[in-house]
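One structure below.
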Amino acid sequence: MTEKVFDVVVVGSCMTDLVSKAPRLPKAGETIHGHKFFIGFGGKGANQCIQAARLGVKTAMVCKVGKDFFGDNYIQNFKDNGVHTEFVKQSSDAVTGAASITVDDAGENAIVIVAGANMLLGAEELQEALPAISHTKVLVCQLEISPQTSLQAMCMARDNKVKTIFNPAPAIPDLDPDFYRVSDVFCCNESEAELLTGSSVASVEEAHRAGQELLKRGCGSVIVTLGPQGCVVLKGGESTLKHVPAPEVTAVDTTGAGDSFIGALAFYMANHPHMPLEEMARRANLVAGVSVREIGTQTSFPYRRDLPNEYF
Ligand code: ADP
């Protein structure tokens with residue numbers, strides 16, 4: 001029988017990024033020549049799971065890909081990163097989620113996302129993964145799959161006293177209020193906090209105010225990430241401003257920084273359950289800070305061996 005005890009289980013999305021670089025974005029109906037093409041592994045769920053795995057915890061991914069080349073390839077990518085794949089299901093009814101991305105020489109982009117098999121992940125797959133979801137130390141969910149599936153997974157975890165991290169990304173305006181109730185840590189970026197609260201979030205003080213508003217909705221703690229400014233951390237019952245600055249780094253590509261942060265946070269919550277949340281956030285800032293120094297999403301996420309001992 002498969003060992004079902006994991007440190008971190010992620011229920012979420014997998015996307016294959018098909019990236020073309022071209023001198024400019026094509027107009028409607030136009031075909032132009034690009035000068036570079038590459039395929040990357042993405043999807044917020046998979047990114048977060050892979051960052052946690054690279055830091056050295058036992059992880060499992062619960063997701064759905066197509067029965068196609070991209071799906072096979074993605075399963076191999078999980079295996080290469082040491083992620084358990086028993087709950088990565090393949091469907092013939094939809095394609096593996098894909099993002100067609102065109103980036104021009106000025107860095108401007110045009111993106112078409114087809115969620116595909118991600119949207120077919122539902123109650124049946126969660127039921128199969130229940131032994132993993134109910135025994136893990138930490139469960140992580142986002143919103144690139146059906147919100148109903150994410151909420152159900154979080155409820156299953158909570159019913160079994162499993163710690164939950166919820167990342168409301170991409171943000172939706174009418175988020176089911178139950179998401180707050182089942183989140184031990186509700187972790188969002190500035191634009192997500194803005195959409196969820198309806199208030200501007202452009203400074204540390206505004207992020208703190210938005211965090212207080214989100215905290216009132218019922219979650220255990222809130223983290224609002226602020227790019228180069230790090231993050232703010234708010235815990236129930238505390239009203240003082242806790243700003244955790246990020247290290248100063250020369251950022252080359254910040255794609256996936258939020259996912260690196262959340263994967264690292266899940267790692268610390270699983271490995272050091274009694275560490276203060278601020279300290280976990282400080283270390284997650286350091287890990288995400290390494291990821292922004294390299295181009296790419298998963299390709300820029302650090303491994304345990306790349307980081308100094310004091311990160312662990
Ligand atoms: P998202 O990728 O979701 O937009 P953020 O931009 O808030 O999320 O970044 C998440 C985390 O990544 C930040 O809290 C910080 O730790 C790190 N980070 C992002 N950009 C930078 C940067 N320019 N310098 C240092 N750290 C960064």
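This is a predicted model, so every value here is computed, not measured.
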Can you confirm whether or not the ring centre of [X] sits under 6.0 Å from the ring centre of [Y]?
| X | Y | value |
| --- | --- | --- |
| Tyr74 | Phe70 | no |
| Phe6 | His84 | yes |
| Phe312 | Phe267 | yes |

Is it true that [X] and [Y] fall in one hydrophobic cluster, defined by side-chain heavy atoms closer than 4.5 Å?
| X | Y | value |
| --- | --- | --- |
| Phe179 | Val224 | yes |
| Tyr180 | Val185 | no |
| Phe87 | Val162 | yes |

Classify the side-chain pair [X]/[Y] by whether it contains a donor and acceptor separated by less than 3.5 Å.
| X | Y | result |
| --- | --- | --- |
| Gln142 | Asp259 | no |
| Thr96 | Asp68 | yes |
| Asn47 | Gln298 | yes |
| Asn77 | Asn73 | no |

Residue [X] excluded, over 12 heavy atoms near [atom1] under 6.0 Å:
| X | atom1 | value |
| --- | --- | --- |
| Lys163 | NZ | no |
| His135 | NE2 | no |
| Glu238 | CD | yes |
| His35 | NE2 | yes |

Inset, instruction - Identify the two heavy atoms, one from Leu265 and one from Ala284, that lie closest to each other, and give their separation to 0.1 Å. - result: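 Result for this residue pair: N-CB, 4.1 Å.
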Inset, instruction - Dump the intermediate steps for salt bridge (Lys or Arg N to Asp or Glu O under 4.0 Å) on Lys242 and Glu278, then the final yes or no. - result: CA-CA 8 Å; Lys242 299 228 164 105; Glu278 270 168 271; 3.5 Å; yes
Legend entry - Listed partners of Glu279 passing side chain to side chain donor-acceptor pair (under 3.5 Å), at least two apart: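 Only Arg282, Arg283 meet the side chain to side chain donor-acceptor pair (under 3.5 Å) criterion with Glu279.
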Inset, instruction - Quick one: do Lys137 and Asp7 satisfy salt bridge (Lys or Arg N to Asp or Glu O under 4.0 Å)? Show the steps, please. - result: CA-CA 5 Å; Lys137 293 180 184 159; Asp7 298 304; 3.0 Å; yes
Inset, instruction - Start with the C-alpha gap between Glu213 and Arg209, add the side-chain angles, then the distance that decides, and say whether salt bridge (Lys or Arg N to Asp or Glu O under 4.0 Å) holds. - result: CA-CA 6 Å; Glu213 166 61 30; Arg209 267 198 297 279; over 6 Å; no
Inset, instruction - Test salt bridge (Lys or Arg N to Asp or Glu O under 4.0 Å) on Glu108 and Arg24 and set out the steps. - result: CA-CA 8 Å; Glu108 195 61 59; Arg24 60 182 176 80; over 6 Å; no
Inset, instruction - In plain terms, say whether Asp184 and Arg158 are close enough for a salt bridge, that is, a side-chain N and a carboxylate O under 4.0 Å apart. - result: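 Yes, charged N to carboxylate O under 4.0 Å.
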Inset, instruction - Would you check if Cys63 and Ser13 make a side-chain contact, meaning some heavy-atom pair closer than 4.5 Å? - result: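 Result no, sub-4.5 Å side-chain heavy-atom pair not found.
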Inset, instruction - Check whether any side-chain N or O of His272 sits under 3.5 Å from a backbone N or O of Tyr268 as a donor-acceptor pair, and report yes or no. - result: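 Checked: no pair found.
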